[in-house]
Amino acid sequence: MGHTLVIVESPTKARTIRGFLPKDFKVEASMGHVRDLPNNASEIPAAHKGEKWANLGVNTAANFEPLYVVPKDKKKVVKELKDALKGADQLLLATDEDREGESISWHLLQLLSPKVPVKRMVFHEITKEAISRALEDTRDLDMELVHAQETRRILDRLVGYTLSPLLWKKVAWGLSAGRVQSVAVRLLVQRERARRAFRSGSYWDLKARLEQGEAGFEAKLSHLKGERIAGGSDFDESTGALKAGSKVRLLSEAEARQLQVQVQANPWQVTSVEEKPTVRKPVPPFTTSTLQQESNRKLRLSARETMRTAQGLYERGFITYMRTDSVHLSDQAINAARSCVSEKYGKDYLSPSPRQFSTKARNAQEAHEAIRPAGEAFRTPNATGLDGKDLALYELIWKRTVASQMADARLTMLAVELQADGGSLGPAQFRASGKRIDFAGFFRAYVEGSDDPDAALEGQELLLPALKLGDCPVCKAVEALGHQTQPPARYSEAALVKMLEKEGIGRPSTYASIIGTIVDRGYATLANNSLTPSFTAFAVTALLEEHFPDLVDTSFTARMENTLDEISHGQVQWLPYLESFFKGEKGLETQVQQREGDIDPGVSRTVELEGLPCVVRIGRFGAYLETKRVAEDGTEELLKATLPQEITPADLDAEKAELILRQKADGPESLGDDPESGEQVYLLFGQYGPYVQRGQVSDENPKPKRASLPKGAKPEELTLEDALALLRLPRQLGDHPEGGRVEAGLGRFGPYVVHHKGKGEKDYRSLKAEDDVLVVCLDRALELFAMPKKGRGGRTALKDIGIPEGDDEAIQLFDGPYGLYVKQGKVNASLPEGTTADTITLEQAVELLAAKAATGKAAARKPGAKKPAAKKPAAKAPAAKKAPSTTKTGRLRASAVRVIRAADS
């Protein structure tokens, strides 16, 4: 009797779902997409290599027919799936329940060409009940969803592969453009332009510390002689002056200090007391977008980390599907959440009736349910056995879901007006604000975060003493405070995600990869949770704004997104839409052809920033400064100076630009002499940032000793002593208890400590932010070596399996995006189906790694290729007996033999 084959995307999902299916069901993983448009020329089939459209991967002359290929790394997967299909009497395609999942199922159907009945099996959580329901309610493929996803993929390819080559020619090689990516980059650039154009304004006010009885409270100056005191919002960002027509009093420092003396010496009186009851309602459960935002704010996880962690939680059955625009909760979920509230907080904290929320996001995708804990009963975070990021994210989801079914929070907002005599400046009015929480309600479980930590104090009380009209509190102190208005904040990942969703640009499920691409391609840097655009971003955005304004216009891109949604609902036909977008007089293809000759590369590679004594240009090796100067012979010449990669448009001001240009013109700045060598020590600026150098480059000394400045170090504050200490790196810290020396140094990826174990083997650890490479000691280095070493992707080993006999390096177990794997040195090997973290043995691990290492060696040689003819060796003495292999493959094979023999005996 045959079996039923179920195909999902990942081994983790396969392992979880397998436990909920009958024994005659076989579950296999496709490892994500099995087909895609060709990534490079080597993937184009021989039959199409001569075609003009082949590199594009879409035949625009034949109804935009896509050229789908199976990537090399997926051919083995496809073969295994075809083998698994043999003997099956039914195929269930159980990929994710969204457009991308539908598309993967369609590609599988096209590749496998099954002769048995095929059904689509969909579920949005991996629990026994959900899988049982999905088995009873299978359906056919939804071709409208498939067309919508394929149109999206083709559209992205048309934009990317048509515009990117243009950017290579006109700006710099290797750049990319994208339908959503370029709009997101423009948002970052627009914000940075606003920051550069910003002019700061200054203003003064007063803060008083008062007491009523024994209770203290603060009050701030609000009015003087009946006029409202100016605040930050009253200033024009472009001039730094008060906005035209502002009816406010701008207090000078002298007036503030005069008023400070007057009000502190005079009595105070309460002139108004107001109490205003208010209600706060819980926010809806998480969608993909709001989960990314809150995770970034509260857990400081990037959008990419959030989605990777959420996917792992979903595939292991902890949460529902993590790609959704819906805030809807099923009746089962509502009952589970309300049960949690009753058990943990009591029935008083339940909302009077179950809450349902409606989706307000533009272009909300057809949805499953909000992101919530999986199952008919929610596991409390402590009962999951999770840790690290997994636990933190699960707890965030659990709290937000539970809070959605809790009672409103009831608060009383308190406001007290006070007056004091300001002498010749007139009566001064102060205001004290407070908040009393009468009933915490959902605050007990969850308070929504904010990009501004000071603005997210919803759950905190700020009590005022019992004050009534006519009371005269005692003034204990008054402080005159000067303020500077601040430029608009840069986008954090959370803020950018929020803006993209608000404008209806792209899909929330793609935001993580888009932001990742922006950073990876050098369009922005991510530091202190802020995205700062690069000079390349400025240049590319300026080119697109001038020549292809629609493609970076938020409204145009949102309309494209809306059309793609209409295609998924069958309201718009996909082919006519692609025809109108790409072809014809106004189509992208024609626009690029017409505009290419008009774009001057010299202009498009130039970034002009206000207030600089030069221009910035984009070159082959990065950004550089360029200006004209008069040479010694009186002629005008161009002066060019490389900009360090770490300098962004945000950092570059006139002073810094002049310093870099002056050093280029006059030579490096000397910090003084090295007392040991007598050579001068210089401070220089290179492509990778500022560095120090001992001596000058000469024929006798072609490579003088150099050392980069540590991240965050300010060149203008560098002393000769600091420079000499950097040039002496690496520092000897002492001997490791297990043998070998320990050093501290500064490398390409920052400061580190290293343990030289002998025979060329080294163990590195990066220093933490609080460590100083110039003063770190041996004890601290040993602490760092004692910490578990992280594997690929920054993962920490689940456990050490052991050290094979005759080896000196442990085999470790990790959990990766495609399931569990073992690792020794640089060799990784996935665990076979059915093997778990609890059952894997040292013997199995050694065999797996030996097989993987051998495969790696074989793969390096093209199958079927002849070995290159060996050169005829010179006459030599008879060969000695071959020494044992010292390669990693040889050691693993030898270890495998030793372990197996030991097990047999």
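As the structure is a prediction and not an experimental result, all values here were calculated from the model. Hydrogens, waters and symmetry mates play no part in the numbers below; they use all other heavy atoms, side chains included.
- To the nearest 0.5 Å, atom CD of residue Glu125 and atom CD1 of residue Ile319 are 10.5 Å apart.
- The side chain to side chain contact (heavy atoms under 4.5 Å, CB included) test with Ile7 is passed by exactly one of Leu109, Leu108, Leu92, Ile104: Leu108.
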Next on the checklist: As a quick check of understanding, evaluate side chain to side chain contact (heavy atoms under 4.5 Å, CB included) for Leu141 and Val118, giving each step before the final call.
Outcome noted: CA-CA 9 Å; Leu141 268 177; Val118 180; over 6 Å; no
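- Looking at heavy atoms from C-beta onward, Val497 lies out of side-chain contact with Pro508 at the 4.5 angstrom threshold.
- Gln356 contributes a side-chain N or O that, together with a main-chain N or O of Leu329, makes up a donor-acceptor pair within less than 3.5 Å.
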Item to check | Test side chain to side chain contact (heavy atoms under 4.5 Å, CB included) applied to Arg179 and Met560, step by step | outcome: CA-CA 9 Å; Arg179 183 175 59 87; Met560 288 174 71; 3.3 Å; yes
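- Between Lys119 and Asp140 there is a salt bridge, since a side-chain N of the basic residue sits under 4.0 Å from a carboxylate O of the acidic one.
- Between Ile371 and Arg400 the shortest side-chain heavy-atom distance does not fall below 4.5 Å.
- Side chain to side chain, Ser105 and Thr95 meet the donor-acceptor criterion of an N or O pair below 3.5 Å.
- In the model, Ser330 has a side-chain atom that pairs as donor or acceptor with a side-chain atom of Glu369 under 3.5 Å.
- Without hydrogens or angle criteria, Ser132 side chain to Lys128 main chain gives a donor-acceptor distance under 3.5 Å.
- Between Lys26 and Glu80, none of the side-chain N atoms (NZ, or NE/NH1/NH2) sits under 4.0 Å from a carboxylate O, so this pair counts as no salt bridge.
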Item to check | Worked verdict on Glu305 versus Thr309 for side chain to side chain donor-acceptor pair (under 3.5 Å) | outcome: CA-CA 6 Å; Glu305 286 176 306; Thr309 305; over 6 Å; no
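- A salt bridge links Arg304 to Asp520: one of the charged nitrogens lies within less than 4.0 Å of a carboxylate oxygen.
- Stacking of Arg35 on the aromatic ring of Trp106 is recorded, both the 6.0 Å distance cut-off and the 45° axial limit being met.
- A salt bridge links Glu294 with Arg297: the closest approach of a Lys/Arg side-chain nitrogen to an acidic carboxylate oxygen falls below 4.0 angstrom.
- Nearest heavy atom pair, residue Glu97 against residue Arg120, reads CA-NH2, 4.2 Å.
- Atom OG in Ser289 sits 10.0 Å away from atom CZ in Arg507 (nearest 0.5 Å).
- Summarising the geometry of Gly317 relative to Thr16, their closest heavy-atom pair is N-CG2, 4.1 Å, with the distance given to 0.1 Å.
- Rounded to the nearest 0.5 angstrom, Ser295 OG and Glu493 CD are separated by 9.5 Å.
- In this structure, Phe581 and Leu155 approach most closely via the heavy-atom pair CD2-CD1, 3.4 Å.
- Of the candidates Lys74, Arg153, Arg157, His107, Asp36 forms a side-chain hydrogen bond (donor to acceptor under 3.5 Å, both in side chains) with just one, namely Arg153.
- In this structure, CG on Leu301 lies 12.5 Å from CE on Met307, to the nearest 0.5 angstrom.
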Next on the checklist: One pair to check against side chain to side chain contact (heavy atoms under 4.5 Å, CB included): Leu135 and Leu21. What are the steps and the verdict?
Outcome noted: CA-CA 9 Å; Leu135 283 173; Leu21 291 170; 3.6 Å; yes
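- In this structure, the side chain of Thr320 does not engage the main chain of Ala374 through any donor-acceptor pair within 3.5 Å.
- Within the 3.5 Å criterion, the main-chain N or O of Ile514 finds no donor-acceptor partner in the side chain of Gln181.
- Side-chain contact check for Tyr345 versus Val402: some heavy-atom pair is nearer than 4.5 Å.
- A distance of 11.0 Å separates CD1 in Ile126 from CG in Leu313, rounded to the nearest 0.5 Å.
- Using a 4.0 Å cut-off between a side-chain N of Lys or Arg and a carboxylate O of Asp or Glu, Asp96 and Lys13 qualify as a salt bridge.
- The residues Asp142 and Arg99 are annotated as not salt-bridged, no charged nitrogen and carboxylate oxygen being separated by less than 4.0 angstrom.
- Ion pairing of Asp156 with Arg152 is absent here, as no side-chain N (NZ or NE/NH1/NH2) approaches a carboxylate O to less than 4.0 Å.
- A donor-acceptor distance shorter than 3.5 angstrom exists from the side chain of Thr151 to the backbone of His147, with no hydrogens or angles considered.
- Relative to the six-membered ring of Tyr446, Lys298 meets both conditions, a distance below 6.0 Å and an angle of at most 45° to the axis.
- The nearest pair of heavy atoms linking Phe357 to Ser404 is CE1-CB, 3.7 Å.
- Between the side chain of Thr288 and the backbone N or O of Met322 there is at least one donor-acceptor pair closer than 3.5 Å.
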Next on the checklist: Run the side chain to side chain contact (heavy atoms under 4.5 Å, CB included) test on Leu386 and Arg316 for me, step by step, so that the C-alpha distance in whole Å, both residues' side-chain angles and the decisive distance to 0.1 Å come before the verdict.
Outcome noted: CA-CA 11 Å; Leu386 296 169; Arg316 286 178 286 161; 4.1 Å; yes
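- At least one donor-acceptor pair under 3.5 Å links the side chain of Ser351 to the backbone N or O of Gln405.
- Here the side chains of Phe439 and Tyr349 are in contact, with some heavy-atom distance below 4.5 Å.
- Looking at Ile840 and Leu848, their side chains come closer than 4.5 Å, going by heavy atoms from C-beta outward.
- For Phe123 and Tyr321, the ring centers sit 6.0 Å or farther from each other.
- A 4.5 Å side-chain heavy-atom check between Gln311 and Glu315 finds at least one atom pair inside the cut-off.
- Annotation: cation-pi pair Arg280/Phe443 absent, no NZ/CZ under 6.0 Å from the ring centroid and within 45° of its normal.
- A parallel orientation is assigned to the rings of Tyr821 and Phe814, their planes being inclined by less than 30° (bins at 30° and 60°).
- Asn335 places a side-chain N or O within donor-acceptor distance of the main-chain N or O of Asp331, the cut-off being under 3.5 Å.
- In terms of heavy-atom proximity, Val34 sits nearest to Ser30 at CG1-O, 3.7 Å.
- Separation of atoms CE (Met499) and CD (Gln293) is listed at 11.0 Å; rounding is to 0.5 Å.
- With contacts defined as side-chain heavy-atom distances shorter than 4.5 Å, the pair Asn39/Pro71 does not qualify.
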Checklist entry - Given the rule in the salt bridge (charged side-chain N to carboxylate O under 4.0 Å, His left out) test, do Glu43 and Lys72 qualify, once you have shown the distances and angles that lead to the verdict? => result CA-CA 8 Å; Glu43 290 188 352; Lys72 286 182 181 177; over 6 Å; no
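- The side-chain heavy atoms of His569 and Glu144, taken from C-beta on, include no pair separated by under 4.5 Å.
- Counting non-hydrogen atoms of neighbouring residues, nucleotides and ligands closer than 6.0 angstrom, the CD atom of Gln573 reaches no more than 12 such neighbours.
- Side chain of Glu376 to main chain of Ala336: no donor-acceptor pair is present (N/O by atom type, distance under 3.5 Å, no hydrogens or angles).
- Annotation for His3 and Ala84: closest pair NE2-O, 3.1 Å, computed over non-hydrogen atoms.
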